[in-house]
Amino acid sequence: MSASSKPRVGDVKTSPSGLEIKAVYRADDAAGAELGDPGQFPYTRGVQPSMYRGRLWTMRQYAGFGTAAESNTRYKMLLDAGQTGLSVAFDLPTQMGIDSDAPRALGEVGRVGVAIDTVEDMHTLLDGIPLDQVSTSMTINATASTLLAMYIVVAEERGISRAALSGTTQNDILKEYIARGTYVYPPVPSLALVAETFRFCATEVPNWNPISISGYHIREAGATAVQELAFTFANTIEYVQRAIAAGLDVDTFAPRLSFFFACHNDLFEEVAKFRAARRIYAHLMRERFGASDASTRLRFHTQTGGVTLTAQQPLNNVVRVTVQALAAALGGTQSLHTNGYDEALALPTAEAATLALRTQQIIAFESGVAQTVDPLAGSFYVEALTSELETHALALMDQVEALGGSAAAIEKGFFQDEIARSAYEYQLRVEAGDTFIVGVNKFGDGQDPPVIATPDFSALERGQVAQLRAVRAERDGARVEAALAALAAGAAAYANAGEVRAPLMPMIIEAVRARASVGEISDTLSSVWGAYRPT
């Protein structure tokens with residue numbers, strides 16, 4: 001191509017992360033890209049040689065509705081519609097270790113997910129669902145060990161072995177301090193408890209992922225794709241270091257580490273982000289921690305971007321979710337949740353949830369995306385963008401390391417300040433009209449968002465409280481007290497991360513068997529560890 005015939009370069013364009021995008025990409029832009037074959041280190045092109053030709057991603061829909069019975073009905077509907085895994089949303093009191101009848105829970109019971117107080121609620125939630133055949137993901141963090149214990153007790157009371165269970169507890173407490181806020185205990189014992197779940201799952205529940213290290217909530221708080229990568233892997237370093245310090249060999253737990261990323265609207269930046277993530281993780285685990293190949297493969301779940309949904313013209317969200325889901329599939333996700341188009345207004349309706357699932361199914365079975373591995377590989381643009389995202393993320397990780405790692409950076413407010421700055425700059429661009437949101441600041445119609453009917457949460461709360469009190473009245477109080485006393489004694493060793501700690505998960509499981517509540521278990525641990533208060 002002669003100089004005169006080259007495309008003219010217009011105004012400077014940037015990705016949502018602020019990376020400059022050229023008008024045209026050529027071979028030299030992608031020179032030196034670290035590719036390799038799918039299934040081979042550093043897994044840029046995917047963690048399995050055949051990827052979706054061998055097995056499609058797991059199709060999940062994140063759901064939790066007020067009561068366990070209502071949520072169970074939705075799960076069965078989704079499974080009948082072709083969903084291949086469950087994803088449980090818990091209400092805020094459950095996430096923060098507060099029982100439904102506690103004063104702090106007033107007005108919040110069942111509002112943004114399902115209320116779980118005791119293992120009896122978990123029995124209802126999972127009624128009729130074959131736990132040895134369906135994998136279950138639970139978005140739960142500070143109280144993750146308790147909810148995992150409840151899942152295990154439900155299985156054992158049905159005669160299902162722990163070894164037959166598969167699923168994930170999110171259990172990512174660092175991102176709660178950074179971005180989400182549903183923390184309970186201080187960082188030192190919280191991280192020790194995370195390491196304890198690593199140990200327990202490696203020996204007792206081998207097909208369970210004890211953590212899903214989450215970039216999703218970091219992104220939802222306003223982070224860029226670069227920050228999502230950097231902060232997720234900075235947290236990964238902290239978790240792996242803590243587990244090794246607790247006496248675990250990296251290869252005993254690392255193969256079950258899983259990850260959770262967001263997927264937003266810029267299709268190519270998101271595809272490149274997932275490819276860069278695999279490469280960063282592979283090098284990190286091999287070169288920093290000496291992990292075997294089985295511990296260097298990045299496995300991740302993706303959820304389409306909640307913050308990208310708009311209340312205005314909500315049907316536009318169908319298109320946004322489709323683009324995002326396509327990016328996740330092109331980027332090689334192992335598991336995917338697609339948001340309902342009405343989630344900016346209320347909990348998703350059955351119609352919206354079904355359409356979101358159908359979106360995944362159409363991509364899987366009609367688009368051709370699953371026919372070949374990493375179909376965008378070799379694109380000059382995609383390869384250059386993958387490398388650039390990797391370079392910028394590694395530089396940001398170095399800044400976290402210079403501050404002493406994730407835990408120290410959290411205490412210094414580094415993550416929080418960086419995310420707040422990015423969120424503020426994005427909002428300024430939207431308000432100035434430099435970033436378009438169709439139906440909001442571009443092509444708006446002036447109409448008010450539609451109104452979606454919501455449940456009677458007051459009645460729901462009264463019913464949940466009555467159920468909790470009925471369980472308390474029928475259980476063996478002396479057994480509960482003994483179990484909680486043993487748990488308090490075991491927790492004492494976790495206040496100092498340098499000590500050799502007694503296994504705590506069996507004590508939590510015994511408390512759950514006795515029908516101790518989420519709040520009682522959480523309060524027992526807080527009585528020993530204290531509560532976290534950000535500085």
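Keep in mind the model is a prediction, meaning the values are calculated, not measured.
Residues in residues 105-158 take part in these ring-ring contact (aromatic ring centres under 6.0 Å, His included) pairs, two or more places apart or across chains: Y151-W208. Residue pairs meeting the salt bridge (charged side-chain N to carboxylate O under 4.0 Å, His left out) criterion with at least one partner in residues 201-210, sequence neighbours excluded, are R162-E204.
Of the possible polar contacts, one joining the S258 side chain to the I211 backbone as a donor-acceptor pair under 3.5 Å is found. Between the side chain of Q360 and the backbone N or O of M59, no donor-acceptor pair lies under 3.5 Å. Between the side chain of W529 and the main chain of A491, a donor-acceptor pair closer than 3.5 Å is present. Although no hydrogens or angles enter the test, the distance criterion places no donor-acceptor pair under 3.5 Å between the side chain of R219 and the main chain of E228. For the pair T146 (side chain) and V518 (backbone), a donor-acceptor distance under 3.5 Å is absent. Looking only at distances, a side-chain donor or acceptor of Q227 sits under 3.5 Å from a matching main-chain atom of T224.
Minimum heavy-atom separation, A511 to L484: CB-CD2, 4.3 Å. Residues A115 and S100 approach most closely at CB-OG, 4.1 Å, considering heavy atoms. Between I173 and V194 the shortest heavy-atom distance is CG2-CG2, 4.3 Å. In terms of heavy atoms, D127 sits closest to N72 at O-ND2, 2.8 Å. Nearest heavy-atom pair across A276 and L389 is CB-CB, 4.3 Å. Between L229 and A277, the shortest heavy-atom contact is CD2-CB, 3.5 Å.
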Exercise for review: Determine, stepwise, if the pair S190 / Y532 fulfils side-chain hydrogen bond (donor to acceptor under 3.5 Å, both in side chains).
Suggested key: CA-CA 10 Å; S190 293; Y532 178 69; over 6 Å; no

Exercise for review: Carefully, step by step, assess T308 and V321 under the rule side chain to side chain contact (heavy atoms under 4.5 Å, CB included).
Suggested key: CA-CA 9 Å; T308 69; V321 168; over 6 Å; no

Exercise for review: Any chance you could lay out the side chain to side chain contact (heavy atoms under 4.5 Å, CB included) test for L525 and V184, step after step, and finish with the verdict?
Suggested key: CA-CA 10 Å; L525 296 175; V184 178; over 6 Å; no

Check your understanding: Can you list the steps and then say if E474 with E120 is a side chain to side chain contact (heavy atoms under 4.5 Å, CB included)?
Key -> CA-CA 12 Å; E474 295 170 3; E120 296 299 339; over 6 Å; no

Check your understanding: Between L78 and R74, does a side chain to side chain contact (heavy atoms under 4.5 Å, CB included) hold up when you go through it step by step?
Key -> CA-CA 6 Å; L78 289 168; R74 175 60 62 90; 4.0 Å; yes

Check your understanding: Under the side-chain hydrogen bond (donor to acceptor under 3.5 Å, both in side chains) criterion, do S522 and Y185 qualify, and how do the steps go?
Key -> CA-CA 9 Å; S522 181; Y185 323 114; 3.2 Å; yes

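For the residue pair Q95 / N141, no side-chain donor-acceptor distance below 3.5 Å is found, with atom types taken as modelled. Using a 3.5 Å distance cut-off with no hydrogens or angles, the side chains of T232 and Y216 do not pair a donor with an acceptor. Residues D172 and S214 have side chains that never bring a donor and an acceptor to within less than 3.5 angstrom of each other. Side-chain atoms of T252 and D249 form no donor-acceptor pair, as typed in the model, at a separation below 3.5 Å. Side-chain contact annotation: S166 with N207, donor-acceptor N/O pair under 3.5 Å absent. A donor atom on one side chain and an acceptor atom on the other are not found under 3.5 Å apart for R297 and Q334. Looking at D117 and Q464, their side chains do bring a donor and an acceptor atom within 3.5 Å of each other. Of the N and O atoms on the side chains of R60 and S335, at least one donor lies less than 3.5 Å from an acceptor on the other residue.
Between F198 and F253, the ring planes lie parallel to each other; the angle is under 30°, not in the 30° to 60° tilted range.
Residues satisfying the salt bridge (charged side-chain N to carboxylate O under 4.0 Å, His left out) criterion with E401, sequence neighbours excluded, are R288. Among residues two or more places apart in sequence or in another chain, the salt bridge (charged side-chain N to carboxylate O under 4.0 Å, His left out) test is passed with E520 by R472, R475. In this view, R256 satisfies the salt bridge (charged side-chain N to carboxylate O under 4.0 Å, His left out) rule with no residue, not counting sequence neighbours. Looking at residues two or more places apart in sequence or on another chain, you find a ring-ring contact (aromatic ring centres under 6.0 Å, His included) between F259 and F233, Y281.
To the nearest 0.5 Å, atoms CZ (R513) and CE (M150) are separated by 13.0 Å. Taking CD of E70 as the reference point, atom OG1 of T124 lies at 12.0 Å (rounded to 0.5 Å). Put simply, CD1 on I213 and CD on Q170 are 10.5 Å apart, with the number rounded to the nearest 0.5 Å. Distance check: I129 CD1 to L86 CG gives 5.0 Å after rounding to the nearest 0.5 Å. We find the NE2-CD1 distance between H217 and I419 to be 12.5 Å, quoted to the nearest 0.5 Å. Atom CG of residue D523 and atom OG of residue S517 lie 7.5 Å apart, to the nearest 0.5 angstrom.
The 12-atom threshold is not exceeded at CZ of R55, counting heavy atoms of other residues, nucleotides or ligands nearer than 6.0 Å. The local environment of CZ in R158 is crowded, with over 12 non-hydrogen atoms from other residues, nucleotides or ligands closer than 6.0 Å. Few gaps surround CZ on F457; more than 12 heavy atoms of other groups in view lie less than 6.0 Å from it.
Using a cutoff of 4.0 Å between basic side-chain nitrogens and carboxylate oxygens, R199 and E196 are scored as salt-bridged. Between R275 and E390 there is no salt bridge, since no side-chain N of the basic residue sits under 4.0 Å from a carboxylate O of the acidic one.
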